[in-house]
Amino acid sequence: MYMSTDEVRNAFLKFFESKGHQIVESSSLVPHNDATLLFTNAGMNQFKDCFLGLEKRAYTRAATAQRCVRAGGKHNDLENVGFTARHHTFFEMLGNFSFGDYFKEDAIKFAWEFLTETLQLPKERLLVTVYKTDDEAFEIWNQQIGIPAERIVRIGDKEGGKAFESDNFWQMGDTGPCGPCTEIFYDHGDHIWGGPPGSPEEDGDRFIEIWNNVFMQFNRHADGTMEPLPKPSVDTGMGIERISAIMQGVHSNYEIDVFQKLIKSAADTIGYDDLSNQSLRVIADHIRSCSFLIVDGVMPSNEGRGYVLRRIIRRAVRHGNKLGAQGAFFYKLVGVLAEVMGSAGEELKKQQALVEKVLRIEEENFGRTLERGMTILNDALDNLDGKVLDGETVFKLYDTYGFPADLTNDVARERELAIDEAGFEKAMEEQRQRAREAGQFGTDYNAAIKVDTASEFCGYAATEGQSSVTDLFVDGKAVDALSAGDKAVVVLEQTPFYAESGGQSGDAGVFKTPAGLFRVEDTQKLGNAIAHHGVMVEGVLAKGDNVDALVDAERRAAITLNHSATHLLHAALRQVLGTHVTQKGSLVKAEGLRFDFSHLEAMTAAEIKTVERLVNAQIRRNLVIETDIMDIDAAKEKGAMALFGEKYDDQVRVLSMGDFSTELCGGIHANNTGDIGLFKITSESGIAAGIRRIEAVTGEAALDAIEAQQDKFEAKLAEAATKAKALEKELAQLKDKLAAQASASLINQVKQINGIKVLVAKLDGADNKALRGMVDELKNQLGSGVIMLGNVADDKVGLIAGVTKDLIGQVKAGELVNMVAQQVGGKGGGRPDMAQAGGTDAAALPAALDSVEAWLTERL
């Protein structure tokens with residue numbers, strides 16, 4: 001029976017829903033609640049705290065189709081991807097889970113029913129494994145399911161290994177929850193080489209594991225004791241690619257519908273014909289991991305998860321380059337991927353434009369260095385003395401040209417060569433050591449503090465309260481009492497002090513008792529406890545003492561205004577820039593706010609202004625800020641947005657600001673948006689690839705920022721005015737000099753009319769204001785004479801006439817200039833010795849000046 005990958009996924013979830021399981025959405029590929037993991041790499045990751053008994057949910061049975069990535073850290077399949085039938089950087093794990101509900105019998109029956117009845121796999125092609133001492137699982141398979149004993153393989157501990165070190169025994173660590181596994185294998189047929197599990201040929205490809213049931217049965221102690229868990233649990237997993245291959249009658253995962261469509265699309269985009277080429281497999285695999293990592297907030301960078309993403313992108317681009325790809329091609333596969341993922345591709349469809357843009361930019365940036373790096377690498381390989389490329393060269397390619405070691409290894413392997421991985425790691429460690437020495441950090445005493453009691457927060461509507469001291473710590477060590485001068489951590493039974501969370505700063509204030517005063521400088525979460533960090537100012541404080549807890553109300557008020565403004569800013573950014581904008585971090589302090597968000601380009605001045613105006617418009621609306629407690633599903637139906645990196649319980653706080661913003665938030669806020677007063681963005685900058693940061697202030701701080709900006713502007717304006725006056729003075733001096741120079745050259749054009757010196761000249765582009773100085777200079781040089789100058793500047797005519805005082809009885813400057821002005825569309829006049837006029841007909845000026853000689857001849 002043929003089934004598409006999407007049909008397999010939906011059939012699995014529907015089956016377990018019919019068995020009373022809660023269908024839980026795939027968690028993010030970034031495991032926000034587990035700092036030990038680089039990426040989500042198994043279906044159970046999001047339920048880890050449930051299995052450890054640290055978290056209780058509203059259900060005891062769950063089923064998921066979990067997105068997983070294995071491309072870094074302990075689980076790194078990157079180098080094998082594309083070269084084997086079943087290695088991937090990205091895969092989906094179908095899983096069903098029991099948290100102290102059903103156990104081995106039901107888990108085995110569910111798996112068998114789904115495989116043989118829902119999917120209709122032939123029973124004779126299935127065989128199972130159990131841990132060597134797990135007689136209970138063996139009996140269920142043999143007696144209840146009816147599998148012959150010869151098709152049930154007992155798998156023991158690895159030869160030479162420790163006890164319980166077996167492929168069929170799962171353990172979270174050296175201590176803690178653990179238990180036996182039972183796995184189901186599918187026989188692809190005797191035409192494929194390989195033997196059943198436990199045989200010498202088990203590494204062959206004939207028998208493929210398709211389902212793993214993990215039975216969390218024991219709690220392993222440090223001394224090796226295996227204590228039975230009071231509520232044993234079940235964690236199962238089935239790779240959707242493997243089961244889809246079986247349902248589609250193919251052997252390799254790369255032959256299933258999802259990969260075939262991606263391979264065909266990649267080949268068409270690149271312009272390559274051979275669909276069996278392994279590089280196309282690499283590209284098809286990598287577009288999945290890259291796209292979904294970006295969807296879950298990872299951006300290419302030079303460290304951490306961002307660096308792994310960058311490695312995968314560059315590996316895909318290099319394989320496209322091998323096939324002759326011209327220009328950027330990788331990003332063009334995102335749309336195809338969104339379609340072939342079916343019901344699992346909905347989020348990718350929403351963010352398709354963002355994913356394409358991130359990939360295109362990264363691809364184009366790498367393309368500029370790829371050619372140079374490949375030239376150096378090929379030269380090094382061509383001149384290699386032996387079969388191994390030295391680690392220093394591998395490191396140089398990584399450090400200078402951004403070539404990850406596995407990419408260099410790929411190129412070397414294609415030429416049947418290897419790289420010196422140990423040498424590369426040595427060079428990398430030397431670089432890490434230099435980085436460590438460049439940034440030493442102090443001791444974190446919080447890491448040593450262990451608090452068994454929980455604190456109750458009672459400060460949403462209050463800044464004062466009374467409580468008793470449950471724990472005291474100095475330098476990370478528990479103490480019974482504090483004395484003046486002690487820097488300490490105080491834990492109360494209940495507290496109005498808000499512990500830093502969701503970007504909101506922890507509260508500050510004081511604890512008062514009749515015997516002493518403790519100043520709280522910061523408040524942090526410590527597991528389920530709330531830790532007040534500060535200094536014993538005077539007196540003493542002991543465990544069990546009752547205290548008056550007083551929050552710095554003014555500081556708290558400023559923080560809440562900034563926190564509420566952060567929500568308005570988030571909503572405004574999504575309206576102005578697009579719904580791809582998601583929060584990537586925030587810091588809310590009394591002094592202002594900082595907001596990090598996903599966006600690929602610097603905001604324009606117009607966009608910043610629009611966002612600012614939009615936020616202030618909501619402040620003027622004076623929207624009521626409402627908080628409702630509801631279950632997570634109801635919150636999602638209401639359209640509430642979850643904040644980056646936060647982990648939410650089944651019951652969540654939904655914060656609404658009218659129709660403008662609805663988000664999940666456990667922080668403290670103003671009563672109305674109008675309380676914020678005023679919002680002002682002070683800076684916008686980039687902090688990483690695809691991540692922007694806005695810093696802003698509210699209320700009086702916003703007024704202060706505007707006034708400071710205005711003062712700065714006014715100071716600059718005054719400075720500019722002073723400079724302008726100085727320049728004007730300098731310009732006037734220069735013009736006088738130019739006028740003197742011009743007048744000296746005009747002397748050569750003087751004529752005699754009836755024995756009187758006459759100068760008539762046309763100028764082009766001279767400063768009309770400088771003409772008067774020019775005429776005065778010419779009169780001085782002539783001693784006695786008549787001057788008539790015409791100037792054209794900006795298509796306007798300027799006229800000036802000058803007559804020395806000994807001749808004004810015969811010729812008057814005002815009459816002369818008026819005679820010329822009338823011919824150029826103007827008029828003018830002035831004193832007998834100096835007169836100016838203007839005109840509009842520049843074309844008529846030459847003829848008008850030519851008429852001066854005849855006019856003067858009559859009068860001289």
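As the structure is a computational prediction, the values presented were derived from the model and not from experiment.
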Closest approach of [X] to [Y] (non-hydrogen atoms, all atoms of both residues):
X: Ala42; Y: Gln66; answer: O-CG, 4.0 Å
X: Gly43; Y: Cys68; answer: N-SG, 4.4 Å
X: Glu362; Y: Pro300; answer: OE1-CB, 3.4 Å
X: Ile312; Y: Ser289; answer: CG2-OG, 3.6 Å
X: Leu29; Y: Asp296; answer: N-OD2, 2.8 Å
X: Asp6; Y: Met341; answer: OD1-O, 3.9 Å

request  = Using side-chain contact (heavy atoms from CB on, under 4.5 Å) as the criterion, list what pairs up with Lys261, not counting sequence neighbours.
outcome  = Val340
inquiry  = Tell me every residue that passes side-chain contact (heavy atoms from CB on, under 4.5 Å) with Ala107, counting only those two or more places apart in sequence or in another chain.
reply    =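 Ala107 satisfies side-chain contact (heavy atoms from CB on, under 4.5 Å) with Tyr102, Asn213, Phe215, Val234 only.
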query = Do the charged groups of Asp134 and Arg154 touch, with an N to O distance under 4.0 Å?
reply =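 No, no charged N to carboxylate O under 4.0 Å.
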ask   = Would you call Lys109-Glu105 a salt bridge at under 4.0 Å N-O?
value =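 Between Glu105 and Lys109 there is a salt bridge, with a charged N closer than 4.0 Å to a carboxylate O.
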Tell me, yes or no, whether the heavy-atom count around [X] atom [atom1], taken from other residues, nucleotides or ligands under 6.0 Å, exceeds 12.
X: Glu346; atom1: CD; result: yes
X: Glu124; atom1: CD; result: yes
X: Glu25; atom1: CD; result: no

Judged by modelled atom types alone, do [X] and [Y] share a side-chain donor-acceptor pair under 3.5 Å?
X: Asp274; Y: Ser276; value: yes
X: Tyr131; Y: Asp157; value: yes
X: Gln46; Y: Thr40; value: no

ask   = When you look at Met93 and Met44, which way does the side chain to side chain contact (heavy atoms under 4.5 Å, CB included) test go after all the steps?
value = CA-CA 9 Å; Met93 185 64 76; Met44 65 83 63; over 6 Å; no
task = In sequence, state the C-alpha distance, the side-chain angles, and the governing distance for Ile155 and Val153, and then conclude on side chain to side chain contact (heavy atoms under 4.5 Å, CB included).
result = CA-CA 6 Å; Ile155 303 293; Val153 182; 3.7 Å; yes
Inter-residue atom distance [X].[atom1] - [Y].[atom2], 0.5 Å rounding:
X: Phe207; Y: Asp187; atom1: CZ; atom2: CG; value: 4.0 Å
X: Ile294; Y: Gln352; atom1: CD1; atom2: CD; value: 12.0 Å
X: His87; Y: Arg70; atom1: NE2; atom2: CZ; value: 9.0 Å

Heavy-atom side-chain proximity of [X] to [Y] below 4.5 angstrom:
X: Ile208; Y: Phe185; result: no
X: Tyr398; Y: Met428; result: yes
X: Arg288; Y: Phe259; result: yes

query = Do His88 and Tyr254 have ring centroids that are under 6.0 Å from one another?
reply =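 Yes.
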request  = Report yes if the distance between the aromatic ring centroids of Phe330 and Phe366 is under 6.0 Å, otherwise no.
outcome  = no
inquiry  = Main chain of Phe39, side chain of Arg305: is a donor-acceptor contact present, judged purely on distance under 3.5 Å?
reply    = no
message = Among Phe15, Phe110, Phe97, Phe99, which residue satisfies the ring pair (Phe, Tyr, Trp, His ring centres under 6.0 Å) criterion with His21?
response =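 Exactly one candidate clears the test, Phe110.
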request  = Please lay out, stage by stage, how His251 and Asp205 fare under the test side chain to side chain contact (heavy atoms under 4.5 Å, CB included).
outcome  = CA-CA 9 Å; His251 178 61; Asp205 250 7; 3.5 Å; yes
